[in-house]
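Worksheet for the structure shown next.
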Amino acid sequence: MNRFMEVLENVLMPVADKLNNNRYLTALRNGFMVALPLIIFGSIFVVIANFPFLDQWISEDAYATYQDTLGPASAATLSIMGLFVIIGIGYKMVEQRGGESIYGGVVALAAFLILTPQVLDEVSGVIPTSILGAEGMFLGIFTAFFAAEIYQAIVKRDWTIKMPDGVPAAVARSFSALIPIALTLTVFLVVRIIFSYTPFETVQNFIYTLIQEPLTVLGSGLPATIIAVLLIQVFWFFGLHGQIIVNSVFDPIWYALNDQNLQAFQAGEELPNIVTKQFIDTFIVGIGGSGMTLAVIIGIFIIGKSRQMRELGKLGAPAGIFNVNEPIIFGLPIIMNPLVIIPWLLAPVIVALVTYFSMATGIVPKPAGVIVPWTTPAVLSGFLATGNHIMGAVLQLVNIAIVFVIWFPFLKIMDKQYYQNEKDEAA
Amino acid sequence: MKRILLACSAGMSTSLLVTKMEEEAKTRGIETEIWAVAQDKAPSEMKRADVLLIGPQMRFMKKKFAVTAEEVGIPLDVIDPMAYGRVDGKAVLDKALELIGE
């Protein structure tokens, strides 16, 4: 067993290292972080705008006015989140190399807008907001990568205008960015022109049909989701931060699926996706943290006889409510502990299946696409994520019960061992 | 004044540790500044720290941080998983002081 663990650890560490230090994935993750506060702001207002029962208390007109008044909050943030992600990625790409990062952000944004159709229903000078949201996100991500790379390559070659001494630094800086930005954007303009002669007409269409759609369809399926959930657990079992590693690959897909649901939710249509960012964050991870350890803490309080368990429960509970569970993972311990590998891997998979099918059958509403901050306590987060629906909270309680049952015998064995050890030591 | 920097994924779980370490330092009468940051902030924060301690779940970042740590000339290490899990401020403070070379 030990040898096997060693081998696995030796395989996983380099993977984690590679994924986490890959400069595109790092920029992608940090780019999403730039967008996150805005996305959460927009989500909060979607939640407020769809306050439960309000439509029954006030007249239809008043309700519509109420929703319209709050609409811009999410329209200006959530619905165009692709823009913030693009600026974030461009910024972080250039920042990594120690360049003038804000130019990385704006050059990525401009490059993306160059590739974007600027016509809607034959009215020119219009950019459809749908394309600035989830639909344009994949193209946005690639555009930001390429734009930042080209920009940096030109800066590195030093093809810049140099101002004579005595010119204020701020002026000199904007001139030094002029040629790299101009050349980068020219490249994208040429790309746009080339695509206008293809059947796809725009790069947006090309990416959407060739990459984004197949990828999101794959990512929304149950098998890919189970694999992602299992991978997160396996990484954590070796004490490596599973979400940071796995999410950097899956986030673009999950966010795109999320946004499709949000648009349908706001339009009052049927929600297209079950698996979304919130499916993972709220119903699989957000019940005490990875592996849904809130149920483990509850188990510790109910059956814990050993001092070690009880102390850990007290330590872990306050943080666990807000889905921070490192004390439990490292303290129980869960990492490298062959005894808990079965519940640790099994529980999230069972919960994912239960969550998936309860949503597929319509017992629980699908995630509405609002982003609930990951530190939101369970029950509340389930309610908010399903668009203010009580069944979302109920499902989280059911999930806690499932995890509890799966863990129970294993916790019992562990507690007995610890208790025995403590008695032996005291004797 | 000892400046101890902790880094983890979002700076959340390490901030639990900060409180415990501060308590311990206070009882020992050591003047410290201890703070926790998210991993991507660690390289820029290292400049004003005497030592960097990394949460064990981010230990794959050690190699990357080591480059910056060498530039600014501070020691770094990964926090012991058990001490981390028990939020053992005493053990982690000892480790930090040992690395600083006290």
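These numbers come from the heavy atoms of this one structure, side chains and all, not from hydrogens, waters or symmetry mates. Below, read A as the first sequence line, B as the second, and so on, with proteins coming before strands; counting in each chain starts at 1.
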Worksheet item: Of the backbone (N, CA, C, O) and the side chain (C-beta and beyond), which part of A:Ala319 lies under 4.5 Å from a heavy atom of chain B, both, or neither?
Response: side chain

Item to complete: Applying side-chain contact (heavy atoms from CB on, under 4.5 Å), run through A:Glu326 and B:Tyr84 and close with a yes or a no.
Response: CA-CA 8 Å; A:Glu326 273 90 344; B:Tyr84 199 68; 3.7 Å; yes

Practice prompt. Tell me, for A:Gln243 versus chain B, whether the close heavy atoms (under 4.5 Å) come from the side chain, the backbone, both or neither.
Written response: neither

Discussion item. Please rank B:Met58, B:Gln39, B:Met82, B:Lys62 by heavy-atom pairs under 4.5 Å with chain A and give me the top one.
Written reply: B:Gln39

Fill in: Test side-chain contact (heavy atoms from CB on, under 4.5 Å) applied to A:Phe235 and B:Gln57, step by step
CA-CA 9 Å; A:Phe235 274 116; B:Gln57 75 277 32; over 6 Å; no

Worksheet item: Quick check: are there more than 12 heavy atoms from other residues, nucleotides or ligands sitting under 6.0 Å from NZ of B:Lys64?
Response: yes

Discussion item. If we ignore hydrogens and angles and just use 3.5 Å, is the side chain of B:Arg59 paired with the main-chain N or O of A:Gly239 as donor and acceptor?
Written reply: yes

Worksheet entry | Winner by heavy-atom pair count (cut-off under 4.5 Å) against chain B, out of A:Leu12, A:Ile244, A:Leu312, A:Ile328 | A:Ile244

Practice prompt. Mind ranking A:Leu332, A:Asn30, A:Asn325 by heavy-atom pairs under 4.5 Å with chain B and telling me who comes out on top?
Written response: A:Asn30

Practice prompt. Drop me the distance from A:Arg29's CZ to B:Ser9's OG, to the nearest 0.5 angstrom.
Written response: 9.5 Å

Fill in: Value rounded to 0.5 Å, distance of CZ in B:Phe60 from NZ in A:Lys18
13.5 Å

Worksheet item: What's the shortest heavy-atom distance between A:Pro327 and B:Val87, and which atoms?
Response: CG-CG2, 4.2 Å

Item to complete: Give the C-alpha distance, both sets of side-chain angles, the deciding distance and a yes or no for side-chain contact (heavy atoms from CB on, under 4.5 Å) between A:His241 and B:Met61.
Response: CA-CA 11 Å; A:His241 199 299; B:Met61 298 290 287; over 6 Å; no

Fill in: Region of B:Lys63 in contact with chain A, defined by heavy-atom distances below 4.5 Å
side chain

Item to complete: Determine the option with the most heavy-atom pairs under 4.5 angstrom with chain A, choosing from B:Gly55, B:Ala83, B:Ser13.
Response: B:Ser13

Discussion item. Within the supplied structure, the quantity of interest is the number of heavy atoms (other residues, nucleotides, ligands) at a distance under 6.0 Å from A:Arg307 CZ; does it exceed 12?
Written reply: no

Worksheet entry | Structural part of A:Ile329 lying under 4.5 Å from a heavy atom of chain B | neither

Item to complete: State whether the number of non-hydrogen atoms from other residues, nucleotides or ligands found under 6.0 Å of B:Glu70 atom CD is greater than 12.
Response: no

Response to the item:
Bottom line for A:Asp17: the part with an atom under 4.5 Å from chain B's heavy atoms is both

